[in-house]
Amino acid sequence: MPAKLPSTIAALLLKWYDRHARVLPWRSPPGAPRGDPYRIWLSEVMLQQTQVATVKPYFETFTRRWPDFAALAAAEDADVMAAWAGLGYYARARNMLACARAVANDHGGRLPDSEAALRALPGVGDYTAAAVAAIAFGRRAVVVDANVERVVARLAALETPLPRAKPEIRALTDTITPDDRAGDFAQAMMDLGATICTARSPRCLLCPLSGACAAERSGEPESWPRRERKRARPHRRATFFWLRRGDSVLLVRRPEKGMLGGMRALPTGPWQDDAPGLAGAPVDAEWVMTERIVQHGFTHFTLEAVLAASDVTGHIGDNVGEWWPIADLESAGLPTVFAKAARIMKETRW
DNA sequence: AAATCGTGGCG
DNA sequence: TCGCCAAGATT
């Protein structure tokens, strides 16, 4: 039988939001005029699967350097990818650029204000389209992110595990989303999820919805949402190649598709189950297998990379990648796994 | 439509 | 310490 939620939820939540809304760089306070759609869109893209505290410094950097769609659309790919380095999920950066250029070229430099038109833009899925339509343009839209999923699953004490419960959660969220202030309602749900109705230890004593929450009544609210078992993360091995020429090291650009797509990187061999040795070396040289190892956890596997090193002279490697000054590697915009490797190799002799 | 795609924080 | 999780989108 389909669950049902009390009709008082939106009013209770909006009253709480009027007093407790977080102050965020991309947000206009409750009651104030709506904020800049560019900043709202940019924040939503950065916030995909990423927490507020992580996003803040990147948001400041990006908005200072590229303050509007025109500026971002005109930016160099390499500059944008380097500025994104460390934030993760690098496909977002490529899609963000494509989206900015689509807005500049096909929409007169302004975001479309309907959920359907937003949904058609690169990197804009169901969540982001609804969030931007509601927050930036005042449209009624049903906004469902991981916070909303958790809050709604608890309010209704849904026994269906995620991700199977998504359709039912969306339907329930629809029933409690107000026609007016849908953007504030969405942000209130997310603030509640981030600060009160947290995943591990919900603060039900502070929650404005505790009286309407079936999970709180059960005495074990932290046991929601129910989830399917996740399979264990496999382990992979690889070799990273540290090729030095004078004061520089060889960097390559990774393919657009796949892991760390489009990012600058150290050359690597294949990532596989067993140690690949020197397979995939960028140049034919006298490689030394160092004792140094980089361990890094990705979303769906962990990586153990052995660092191979070599010193060369002349024009070796010139047509493979770019020679980057070792002292200035921070400005290369390396994903974290390669930044770790570089930090190690800068102080390693072989 | 299940798999793929980063990183940092927290209990 | 380590598994879990987060303002998801894409194929």
Side-chain angles (χ1 to χ4, degrees), chain A residues 22 24-27 39-59 81 84-96 98-99 118-136 141-151 162-164 166-167 170 173 183 185-195 197-202 222-225 227-236 254-263 265 271 295-303 333-340:
Chain A
R22 286 181 291 178
L24 301 172
W26 48 84
R27 171 183 289 179
R39 294 167 62 87
I40 293 167
W41 161 79
L42 181 63
S43 73
E44 291 300 343
V45 172
M46 289 184 164
L47 286 162
Q48 288 164 8
Q49 293 287 284
T50 310
Q51 296 186 339
V52 164
T54 306
V55 165
K56 275 183 177 173
Y58 286 88
F59 181 82
M81 298 309 287
W84 194 277
L87 194 53
Y89 283 142
Y90 298 98
R92 289 185 297 168
R94 289 182 273 114
N95 290 330
M96 173 194 67
C99 184
L118 288 163
R119 181 66 179 80
L121 292 167
V124 178
D126 290 339
Y127 162 76
T128 304
V132 172
I135 299 169
V142 181
V143 180
V144 183
D145 77 324
N147 290 297
V148 176
E149 285 179 354
R150 184 172 60 255
V151 171
L162 284 171
R164 244 193 314 147
K166 281 173 181 284
R170 202 215 114 92
T173 307
F185 176 78
Q187 295 182 90
M189 289 286 276
M190 295 189 279
D191 276 19
L192 190 77
T195 64
C197 195
T198 59
R200 303 301 188 82
S201 53
E222 70 281 356
S223 70
W224 276 272
R227 289 185 191 275
E228 310 271 16
R229 275 264 176 255
K230 297 181 179 175
R231 52 192 188 89
R233 287 196 300 183
H235 191 67
R236 292 186 194 168
R254 293 181 62 83
E256 292 293 312
K257 304 270 184 186
M259 280 295 294
L260 312 175
M263 299 298 290
W271 302 18
Q295 304 256 18
H296 192 74
F298 291 101
T299 304
H300 52 296
F301 64 91
T302 58
L303 182 71
L334 295 176
T336 299
V337 66
F338 298 116
K340 279 187 189 175

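Note that the coordinates shown come from a computational prediction; the quantities given were computed from them, not determined experimentally. Here is the naming used below: chain letters follow the sequence lines, and residue numbers restart at 1 for every chain. Because only heavy atoms are used, hydrogens play no part in the values below, and waters and symmetry mates are left out as well, while side chains stay in.
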For A:V45, which contact category applies under a 4.0 Å heavy-atom criterion: base, sugar-phosphate, or nothing? nothing

Assert yes or no for the condition that the ring centre distance of A:H296 to A:F298 is strictly below 6.0 Å. yes

Students often get this wrong, so: under 4.0 angstrom with heavy atoms, is A:M190 touching a base, only sugar-phosphate, or nothing? base

Select from A:G261 and A:S201 the residue whose nearest nucleotide in DNA chain B is closer to the 5' end of that strand. A:G261

Ignoring hydrogens and angles, does a donor from either the side chain of A:T50 or the base of B:dG6 sit under 3.5 Å from an acceptor on the other? yes

Should the side chain of A:R200 and the base of C:dC4 be counted as holding a donor-acceptor pair, with the cut-off at 3.5 Å? yes

So, does A:T54 get its side chain near the phosphate of B:dT7, meaning an N or O under 4.0 Å from OP1 or OP2? no

For A:R27 and A:Q187, test the side chains for any donor-to-acceptor distance below 3.5 angstrom and give the result as yes or no. yes

Rounding to an integer number of Å, can you tell me how far A:L260 CG sits from B:dT4 P? 15 Å

Got a second to check how far A:R254's CZ is from A:M263's CE, nearest 0.5 Å? 10.5 Å

For A:G297, report the nucleic acid contact type (base, sugar-phosphate, nothing); a contact means any heavy atom under 4.0 Å. base

Hey, does A:R27 reach any base, or is it just sugar-phosphate, or nothing, if we go heavy atoms under 4.0 Å? base

Quick one: label A:R22 by what it contacts on the DNA or RNA (base, sugar-phosphate, nothing), any heavy atom closer than 4.0 Å. base

Would you mind classifying the nucleic acid contact of A:W84 as base, sugar-phosphate or nothing, using non-hydrogen atoms under 4.0 angstrom? nothing

So A:A146, base contact, sugar-phosphate only, or nothing? Heavy-atom distance under 4.0 Å. sugar-phosphate

Distance test, side-chain N/O of A:R231 to OP1/OP2 of C:dC4, below 4.0 Å: no

